[in-house]
Chemist: 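Sharing a structure, written as structure tokens. Questions coming.
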Amino acid sequence: MSWEDNVRKVVPYTPGEQPKLDDIIKLNTNENPYPPAPAVQEILDSFDISLMRKYPDPNAQILVDALAKTYGVKSSQVFVGVGSDDVISMAFMTFFNGSKPILFPDVTYSFYDVWADVYRIPYRLIPLTDDFRIEPKDYAQENGGIIFPNPNAPTGVLESLGTIEEIISANPDSIVIVDEAYIDFGGMSALPLLDKYENLLIVQTFSKSRSMAGMRIGFAIGSGKLIRYMNDVKFSVNSYTMNQLTLLCGAKTLEDDAYFCNTTSKIIATREDAKTKLAELGFTFPDSYSNFIFAKHQTADAAMIFDQLKKCRIFVRYWNKPRISQYLRITVGTPQEMDRLYTALTEILAEEETA
Ligand SMILES: *Cc1c(COP(=O)(O)O)cnc(C)c1O
């Protein structure tokens with residue numbers, strides 16, 4: 001017997017690299033290439049540091065109320081956390097306590113199996129179809145809960161509200177979590193389904209569409225009952241997850257809807273252009289409704305392209321995993337960044353052909 005026998009051993013999630021080099025093009029973690037709404041600067045300029053002396057509001061009310069107003073729900077239906085990673089982890093701890101396996105797609109956000117492992121939650125991977133779609137019938141089986149992103153990551157594939165509702169309605173005895181990290185880039189949120197389903201939890205984040213990955217703000221919207229259960233668990237772990245400055249910046253950015261619509265439209269336009277450019281370069285990809293494209297080249301090896309791009313100081317994401325080892329996940333950057341990507345890809349592919 002050793003103290004090590006009692007250690008909770010886990011294989012942690014590997015986040016995308018955050019290289020400390022200047023002059024790189026960072027298309028590897030789905031960050032927004034545009035700054036947050038300018039009004040956020042006013043919060044920082046007027047912030048009184050003596051506020052740091054005190055604990056923040058444990059209910060994060062200013063942010064919760066701003067979110068409730070933005071999304072047309074009651075404040076009692078909103079839960080906030082330190083990025084949606086914190087929110088989803090809290091939801092796993094709160095809702096997935098049965099002995100039956102929870103279900104999620106085989107190709108999806110690679111944090112789900114890590115949370116399942118760390119909380120000792122049994123899980124079953126449900127294979128996506130050959131074209132990376134969710135087949136709702138596959139989720140009509142005994143389970144202890146369901147989670148999937150919509151649009152899915154890292155594929156970018158969007159499912160219709162009809163598909164989502166088919167899954168929820170077939171599972172009245174399970175909590176169904178829809179991770180909408182990328183919903184603002186052209187998808188339809190499942191929010192309208194909340195009136196009908198008490199067991200639906202929708203999770204979103206400020207990290208992608210609201211340009212605030214560094215502030216760590218995520219939130220969940222669901223029935224008052226689900227949110228109460230999540231808050232009970234939160235207040236049993238850490239009452240003060242959200243710091244004071246973050247609460248103020250988060251609430252402020254929600255006021256500027258015009259800026260939000262403008263930056264998301266720019267990213268959508270750049271993404272649509274990227275579909276044309278990447279296709280011309282010989283890539284194929286599922287149609288993306290997110291701020292990234294999951295692309296496979298007709299002939300060139302994905303790991304090779306990944307390494308060569310890195311030499312050009314362009315970072316994209318690559319996983320050497322079943323089904324996806326010939327794909328690169330490329331975040332949509334500014335038009336200028338994307339032009340540098342196309343130039344680099346053109347050179348890499350030309351060299352490959354003559355090699
Ligand atoms: C980025 C991402 C998250 C988490 O983002 P946070 O920065 O923690 O809010 C959650 N789910 C998916 C599918 C993501 O891609």
Side-chain angles (χ1 to χ4, degrees), residues 12-18 26-33 36 60 63 67 78-93 102 104-116 118 125 128 132 134 146-159 164 176-187 189-190 201-221 230 234 238 241-243 246-247 249-250 253-254 264 267 271 286 288-294 315-319 321 324 327-332:
Y13 172 75
T14 316
E17 278 179 89
Q18 295 289 358
K26 201 170 170 304
L27 306 175
N28 68 336
T29 54
N30 298 343
E31 287 150 336
N32 197 306
L63 181 58
L67 282 164
V78 180
F79 177 91
V80 294
V82 186
S84 49
D85 286 342
D86 179 45
V87 174
I88 300 169
S89 146
M90 218 35 97
F92 270 51
M93 209 195 300
I102 63 165
F104 49 86
D106 61 339
V107 177
T108 196
Y109 189 37
S110 44
F111 225 137
Y112 299 156
D113 56 347
V114 175
W115 286 314
V118 74
L125 302 179
L128 295 174
F132 294 134
I134 288 176
I146 293 171
I147 181 166
F148 54 87
N150 192 45
N152 196 6
T155 62
V157 172
L158 178 78
E159 298 299 347
I164 309 273
V176 179
I177 304 176
V178 184
D179 179 352
E180 295 188 337
Y182 302 101
I183 199 68
D184 297 324
F185 299 107
S189 170
L201 189 78
I202 295 164
V203 180
Q204 293 191 14
T205 174
F206 282 42
S207 297
K208 280 80 183 220
S209 57
R210 295 189 188 274
S211 308
M212 281 195 164
M215 292 305 276
R216 313 303 301 127
I217 305 174
F219 61 97
I221 300 182
M230 284 188 77
K234 181 203 114 160
N238 177 1
T241 52
M242 309 295 286
N243 74 69
T246 297
L247 291 176
C249 291
T253 199
L254 291 172
T264 42
I267 291 167
R271 175 191 72 205
S288 168
Y289 283 83
S290 57
N291 68 337
F292 56 82
I293 292 178
F294 198 51
F315 289 73
V316 299
R317 197 89 196 259
Y318 171 73
W319 291 271
K321 281 191 178 176
I324 61 170
Y327 285 85
L328 297 170
R329 192 197 66 187
I330 305 167
T331 304
V332 175

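Counting starts at 1 for both ligands and their atoms, in listed order.
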Chemist: Please tabulate, for side-chain N and O atoms in residues 80-87, each donor-acceptor pair with protein atoms closer than 3.5 Å (sequence neighbours left out).
Modeler:
residue, atom, partner, partner atom, Å
Asp85, OD1, Tyr109, OH, 2.7
Asp85, OD2, Tyr109, OH, 3.4
Asp86, OD2, Val82, N, 2.8

Chemist: Would you please test Thr205 and Lys208 for side chain to side chain donor-acceptor pair (under 3.5 Å) and show each step?
Modeler: CA-CA 7 Å; Thr205 174; Lys208 280 80 183 220; 5.7 Å; no
Chemist: Hydrogens and angles aside, do Thr241 and Asn238 bring a side-chain donor and acceptor to less than 3.5 Å of each other?
Modeler: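 Side-chain D/A pair, Thr241 to Asn238: absent.
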Chemist: Report yes if Tyr109 has an N/O atom closer than 3.5 Å to an N/O atom of ligand 1; otherwise report no.
Modeler: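 No - when backbone and side-chain N and O of Tyr109 are compared with those of ligand 1, no distance drops under 3.5 Å.
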Chemist: Side chains of Arg216 and Ser207, heavy atoms from C-beta outward: is any pair under 4.5 Å?
Modeler: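 The answer is yes; the side chains approach within 4.5 Å.
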Chemist: Just wondering, do Phe79 and Met90 contact through their side chains at under 4.5 Å, heavy atoms?
Modeler: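 Contact flag for Met90/Phe79 side chains = yes.
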Chemist: State the atoms of ligand 1, each with its element, that fall below the 4.0 Å cut-off from a heavy-atom position in Lys208.
Modeler: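 With Lys208 as reference, the close atoms of ligand 1 come out as 1 (C), 2 (C), 3 (C), 4 (C), 5 (O), 14 (C), 15 (O).
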Chemist: Which ligand 1 atoms, with their elements, are less than 4.0 angstrom from a heavy-atom of Gly83?
Modeler: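 Selected atoms, number and element: 8 (O), 9 (O).
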Chemist: Using a 3.5 Å cut-off on N or O atoms only, is Ser84 in polar contact with ligand 1?
Modeler: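 Looking only at distances, the answer is yes, because the N/O contact criterion of under 3.5 Å is met.
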Chemist: What protein heavy atom sits nearest atom 13 (C) of ligand 1, and how far away is it?
Modeler: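 Of every protein heavy atom, Asp179 OD2, 3.3 Å lies nearest to atom 13 (C) of ligand 1.
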Chemist: Can you pull out the closest protein heavy atom to atom 15 (O) of ligand 1? Residue, atom name and distance to 0.1 Å, please.
Modeler: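 Its nearest protein heavy-atom neighbour is Tyr182 OH, 2.5 Å.
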Chemist: Which atoms of ligand 1 sit under 4.0 Å from any heavy atom of Ser207?
Modeler: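 It comes down to these atoms of ligand 1: 6 (P), 7 (O), 9 (O).
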Chemist: Counting N and O atoms only, with roles assigned by atom type, does the side chain of Gln204 sit under 3.5 Å from a partner on the main chain of Ile183, one being a donor and the other an acceptor?
Modeler: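 The answer is no, because no donor-acceptor pair under 3.5 Å joins these two groups.
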Chemist: For atom 9 (O) of ligand 1, which candidate among Val87, Thr205, Thr29 provides the closest heavy atom?
Modeler: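 When every heavy atom of Val87, Thr205, Thr29 is considered, Thr205 comes closest to atom 9 (O) of ligand 1.
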Chemist: For Tyr182, run the side chain to side chain donor-acceptor pair (under 3.5 Å) check against Asn30, Asn291, Asn152 and tell me which one passes.
Modeler: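 Between Tyr182 and the candidates, side chain to side chain donor-acceptor pair (under 3.5 Å) is satisfied uniquely by Asn30.
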Chemist: Starting from atom 8 (O) of ligand 1, find the nearest protein heavy-atom neighbour and note its residue, name and distance.
Modeler: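 Ranking protein heavy atoms by distance from atom 8 (O) of ligand 1, first comes Arg216 NH2, 2.8 Å.
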